[in-house]
Amino acid sequence: MSYRGNNFNANLNNQVPFATNPYTSAASTVHGRKSGESEFFHSFEKFAKKIEDLTDHPIVQKFVPYTPAIARFCIVATFYEDSIRILSQWPEQVVFLSHYRGFPHFFVVVFLMLVAVLMMVGATMVLLKKQQIYATVILCTCILSQGFVYGLFRGSTFMLKSFSVIGGLLISFGDSIVKNRVTFGMLPELTSKDGRNKGYLLLTGRVLLVLMFITFTFSKSWFTVILTIAGSVCIAIGYKTKFASIVLCLILAFYNVTLNNYWLYSTAKRDLLKYEFYQNLNIIGGLLLVVNTGAGNISIDEKKKIY
């Protein structure tokens, strides 16, 4: 994103078998472990089902029709914020890219104006669900081009967050694809009859989306770390995706409001916190879409429906 000052920155139940035969003992132990594991997963899935069923509550259902629009706004809010920042802090942006990054003045002016306009246009297209493939390509290109021009890909944290933002965009794009076959101009069909292409798109989006949590878990409590890692793995593989998305969404929303409360600051720290807030808002939007639409065809949840 744009220049922001100096900182961018269960133990198993191992019972002793009654049988004396060593082969019988080993088999009994293995059977006991499998039973214990099955009981654990059964209890977990039962608990997760209760949490997921909360979304079917009549009060929650009243907001369900608005969830996709809210999620898309959360996903693109960071692009609106960054566009406004470029235009409102134009001199600082030009000086940074010209003097510190060494780019020609003409290139800097054209680049900044082009990026600001494209981010506004692309974000609006996503909100209105117009030409989603072009909007997604535009915004992804803006992320990557800014990363190279501003020299931000040197930091692993920025890279992971950028990929997570791209993941949110891919999930938004995947959510917009209807089940019947669709074409955009001369581009190949995006969905096959069984919807697997959409499934691969959502899978890629899920994996990229949770990359941000690698850095998010740093300096958090051990309980938050365990929940975050477990939830990230579940979302990536598509297991209890709805439950995992709800948990991660609540965790991220809590920390985003309590730690990235930029509205309480008027110093240079405000810029960094504002950047973090809107980046996290993008991830929250992606998680909301996952809660609303599910993991797609390429997931363990979908396979369990078949088998």
Side-chain angles (χ1 to χ4, degrees), residues 10 37-56 60 64 67-68 70-72 74-75 132 136 140 160-180 182 190-217 224-253 280 282-307:
E37 291 174 356
S38 299
E39 184 178 349
F40 170 79
F41 281 108
H42 177 72
S43 300
F44 168 73
E45 291 187 346
K46 188 176 180 180
F47 172 74
K49 184 67 166 55
K50 289 182 179 179
I51 301 299
E52 292 176 349
D53 287 344
L54 293 176
T55 60
D56 296 326
V60 178
V64 168
T67 301
I70 295 173
R72 289 196 302 272
C74 291
I75 288 174
Q132 294 288 281
T136 303
C140 289
L160 292 174
K161 289 185 176 181
S162 296
F163 288 136
S164 293
V165 172
I166 293 175
L169 290 171
L170 291 180
I171 290 176
S172 176
F173 176 45
D175 178 66
S176 69
I177 300 177
V178 294
K179 290 185 178 180
N180 55 337
V182 186
L190 292 171
T191 57
S192 57
K193 291 182 179 180
D194 60 358
R196 291 189 66 84
N197 288 348
K198 176 178 177 178
Y200 285 121
L201 187 66
L202 292 176
L203 171 62
T204 305
R206 293 199 317 268
V207 173
L208 292 177
L209 189 70
V210 297
L211 286 178
M212 190 275 297
F213 287 100
I214 296 176
T215 59
F216 174 79
T217 54
T224 301
V225 171
I226 292 175
L227 283 180
T228 302
I229 293 176
S232 299
V233 172
C234 286
I235 290 177
I237 65 177
Y239 173 67
K240 284 299 173 185
T241 317
K242 191 173 184 179
F243 168 74
S245 298
I246 292 173
V247 171
L248 291 186
C249 193
L250 292 175
I251 292 175
L252 190 56
N280 291 344
N282 173 280
I283 313 304
I284 292 174
L287 292 173
L288 284 176
L289 280 183
V290 174
V291 172
N292 189 65
T293 62
N297 290 345
I298 315 299
S299 64
I300 294 179
D301 288 341
E302 192 69 20
K303 299 301 179 185
K304 290 180 68 176
K305 295 179 183 178
I306 300 175
Y307 301 106

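Position 1 is the first residue of the sequence, and the numbers go up from there.
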Does Leu248 reach the side chain of Ile283, with side-chain heavy atoms less than 4.5 Å apart? no
Distance check, rounded to the nearest 0.5 Å: Thr204 atom OG1 versus Ile171 atom CD1? 10.0 Å
Show your working on side-chain contact (heavy atoms from CB on, under 4.5 Å) between Leu289 and Ile75 and close with a plain yes or no. CA-CA 10 Å; Leu289 280 183; Ile75 288 174; 3.8 Å; yes
Side-chain (Thr241) to main-chain (Ile235) donor-acceptor, under 3.5 angstrom: no
Say you draw a straight line from CG of Leu287 to CG of Leu252; how long is it, rounded to the nearest 0.5 Å? 7.0 Å
Identify the two heavy atoms, one from Cys74 and one from Gly285, that lie closest to each other, and give their separation to 0.1 Å. CB-CA, 3.6 Å
Roughly how far, to the nearest 0.5 Å, is the CG atom of Leu170 from the CG atom of Leu208? 6.0 Å
Spatial distance of atom SG (Cys140) from atom CG (Leu169) [nearest 0.5 Å]: 5.0 Å
Does some side-chain heavy atom of Thr136 sit less than 4.5 Å from a side-chain heavy atom of Ser172? no
Sub-4.5 Å side-chain heavy-atom contact between Cys249 and Val291: no
Can you tell me how far the CG atom of Leu250 sits from the OG atom of Ser245, to the nearest 0.5 Å? 10.5 Å
OG on Ser232 to CG on Leu227, rounded to 0.5 Å: 10.5 Å
What residues form a side-chain hydrogen bond (donor to acceptor under 3.5 Å, both in side chains) with Asn280, not counting sequence neighbours? Asn256
